[in-house]
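Heads up, the thing below is written out as structure tokens.
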Amino acid sequence: MGIQLHDPSTQPTDAPEPAKRRRRRPLRTILLVLLAVAIIIPASLGAYLYSLGQIYESEITTIDSPWPAESLRPQRQQAGAAAGEPAPGEAGGPGGSQPGAGTAEGSQNAVADGMLNILVMGSDSRGATTEEALSGGNSNQRADTLMLVHVPADRSKIFTVSLMRDTWVDIPGHGQAKINAALAYGGVPLMVQTVESLFNQRIDHVAMIDFEGFVGMTDALGGVEVNVTQPFVSPHSSKKYAKGPTVLDGKGALDFVRERYAYADGDYQRVRNQQAFLQALLAKNLSRDTLLNPVKIHNVISAMAPFVSADSGLNAGTLARLGLELRNVRSDDMEMFTLPTLGTGTSADGQSIVIPDRNAIAGLSRALADDSLDKFVASRGLAG
């Protein structure tokens, strides 16, 4: 039997292609799609984060000169360093020739290399102006809320220390007065100097937040739930707030953080309310419902940024780096407490004041210097 030869032109034209060619195309398509996703998602995320940064940068007010003269400021101490011994890179320390923390460059180094202290002032701007206070001039602006936020070097927690606004302290150049008067006497620089002198610790960043900013931010989050421990009627809105868990909208949040006259212990309860609200606010911001909702994040930043004033170093880039370093911190890792006092009294000129606890101030100063605030909180039973 001979071999039969067939003319290729006589073969059917619709014969299927070999199977091996068909299998390669889906694989190639999948790889191309995955490559496109790998490129598009980071690019889109980068563009989104850049957009949020632009909103923040364009809306906040920059405090151009928030710092007192460098010669009047304490030097940064490393944890465990001897008192008065500056850290490397600080003015007066090994390798240091320029001001350290408290400048844009020094603040960035503080974020990258060690503990961080941020002074936060809450201001109720009704009937007051902030321009003079921000510029360092005399004004009728006083800090209604004063908090020192401490971020330890290991970024495991966030500590917030509330300072009673009527605490009787030495205000440099003005003698003794209520601590919140520093803002009226010499604006932000004098307030920074007063707090730095009180604890002998350097402030890395400073921010002032208008209470009105809580309205839009709370509403953008869809409300914030707090536990009202003492019922009250707001003189501002005439609304009644019952005892127990309550979801606050923006105006309710403002009532809650402002009220003091309804309480027997006045400012002490107001500070507790402010701490409870801020902790609930931070927890809501850190929730999956918020973090996985780009629209909500955009609305929160857009609502709050116009009511924030901060030093130039506390910019979007700094906040992004700090946020990355604090990515494992949850609401349970945020400790808020009030600096212990000796109660209330009356000054020589008849003012109702809060008497400072010098032992507590000394203990907090050592804990800040040693970056051991967790031990201070535990030893005094201050954890909430």
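- Counting heavy atoms from C-beta outward, L254 and H236 have side chains that stay 4.5 Å or more apart.
- Between P172 and Q193 the shortest heavy-atom distance is CB-NE2, 3.4 Å.
- Linking Ile, Leu, Val, Met, Phe, Trp and Tyr residues whenever their side-chain heavy atoms come within less than 4.5 Å places M334 and V224 in a single cluster.
- When atom types are taken as modelled, the side chain of K178 and the backbone of S352 share a donor-acceptor pair closer than 3.5 angstrom.
- Here the side chains of L190 and H174 are in contact, with some heavy-atom distance below 4.5 Å.
- Across every non-hydrogen atom of D204 and M115, the tightest pair is OD2-O, 4.1 Å.
- Side-chain atoms of N315 and T318 form a donor-acceptor pair, as typed in the model, at a separation below 3.5 Å.
- Taking 4.0 Å as the cut-off between side-chain N and carboxylate O, R270 and D267 count as a salt-bridged pair.
- One finds the CG atom of L72 at 8.0 Å from the OG atom of S197 (value rounded to the nearest 0.5 Å).
- The cluster map of Ile, Leu, Val, Met, Phe, Trp and Tyr, joined by side-chain heavy atoms under 4.5 Å apart, puts I355 and L146 in different clusters.
- A salt bridge does not link R258 with D144: none of the charged nitrogens is closer than 4.0 Å to a carboxylate oxygen.
- Side chain of E212 to main chain of F307: no donor-acceptor pair is present (N/O by atom type, distance under 3.5 Å, no hydrogens or angles).
- A salt bridge is defined here as a Lys NZ or Arg NE, NH1 or NH2 lying under 4.0 Å from an Asp or Glu carboxylate O, and R202 with E70 meets this definition.
- You'll find the side chain of P68 reaches within 4.5 Å of the side chain of E196, heavy atoms only.
- Ring geometry for F232 versus Y241: interplanar angle under 30°, hence parallel rather than tilted (30 to 60°).
- Residues D289 and S287 have side chains that never bring a donor and an acceptor to within less than 3.5 angstrom of each other.
- Pairing each heavy atom of V206 with each of V188, the nearest pair is CG2-CG1, 4.0 Å.
- Remark: side-chain polar atoms of D371 are paired, donor with acceptor, to backbone N or O of A153 under 3.5 angstrom.
- With values rounded to the nearest 0.5 angstrom, R366 atom CZ is found 9.5 Å from S372 atom OG.
- One hydrophobic cluster holds both L116 and L278 under the rule that ILVMFWY side chains link at heavy-atom gaps under 4.5 Å.
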Given M208 and L183, is the side-chain contact (heavy atoms from CB on, under 4.5 Å) satisfied, shown in steps?
CA-CA 11 Å; M208 182 183 289; L183 196 63; 3.7 Å; yes
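- Here F211 contributes atom CZ and D255 contributes atom CG; the two are 12.5 Å apart, rounded to the nearest 0.5 Å.
- Judged by distance alone, with hydrogens and angles left aside, the side-chain atoms of N293 form a donor-acceptor pair with the main-chain N or O of K296 at under 3.5 Å.
- Not a single donor-acceptor pair under 3.5 Å links the side chain of K375 to the backbone N or O of A367.
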Evaluate side-chain contact (heavy atoms from CB on, under 4.5 Å) for L364 paired with V161, printing each intermediate quantity in order.
CA-CA 10 Å; L364 180 61; V161 188; 4.0 Å; yes
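- A donor atom on one side chain and an acceptor atom on the other are not found under 3.5 Å apart for R272 and Q275.
- Judged purely by atom type and a 3.5 angstrom limit, E259 uses its side chain to pair as donor or acceptor with the backbone of Y261.
- Looking at S237 and K251, their side chains never come closer than 4.5 Å, going by heavy atoms from C-beta outward.
- Considering all non-hydrogen atoms of both residues, R73 and I203 come closest at NH2-O, 3.0 Å.
- One N or O on the side chain of D219 and one on the backbone of G250 form a donor-acceptor pair closer than 3.5 Å.
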Dump the intermediate steps for side-chain contact (heavy atoms from CB on, under 4.5 Å) on I297 and T290, then the final yes or no.
CA-CA 6 Å; I297 294 176; T290 299; 4.3 Å; yes
Full working for side-chain contact (heavy atoms from CB on, under 4.5 Å) between V226 and L248:
CA-CA 7 Å; V226 299; L248 301 174; 3.5 Å; yes
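- Looking at every heavy atom in both residues, T167 comes nearest to P356 through CG2-CB, 3.9 Å.
- Taking all atoms of both residues into account, the shortest heavy-atom contact from T218 to A253 is OG1-CB, 3.7 Å.
- In this structure, F199 and L148 have side chains that are in contact, with non-hydrogen atoms separated by less than 4.5 Å.
- Both V257 and V120 are part of a single hydrophobic cluster, where members link through side-chain heavy atoms under 4.5 Å apart.
- Atom-to-atom distance recorded for D333:CG and F159:CZ is 9.5 Å, nearest 0.5 angstrom.
- Looking only at side-chain heavy atoms (C-beta outward), T145 and M147 come within less than 4.5 Å of each other.
- Other residues, nucleotides and ligands contribute over 12 non-hydrogen atoms within 6.0 Å of the NZ atom of K157.
- A donor-acceptor pair under 3.5 Å is formed between the side chain of D311 and the backbone N or O of L314.
- Two residues are said to be in side-chain contact when any heavy atoms from C-beta on lie closer than 4.5 Å; N285 and M217 meet this criterion.
- Taking NE2 of H205 as the reference point, atom CD1 of I63 lies at 12.0 Å (rounded to 0.5 Å).
- Residues R327 and L324 form a side-chain contact, since some pair of their non-hydrogen atoms from C-beta on lies under 4.5 Å apart.
- With hydrogens and angles disregarded, no donor-acceptor distance shorter than 3.5 Å links the side chain of T229 to the backbone of N227.
- Hydrophobic clustering, with ILVMFWY side chains joined whenever heavy atoms are under 4.5 angstrom apart, groups V169 together with M121.
- Here M191 contributes atom CE and I179 contributes atom CD1; the two are 6.0 Å apart, rounded to the nearest 0.5 Å.
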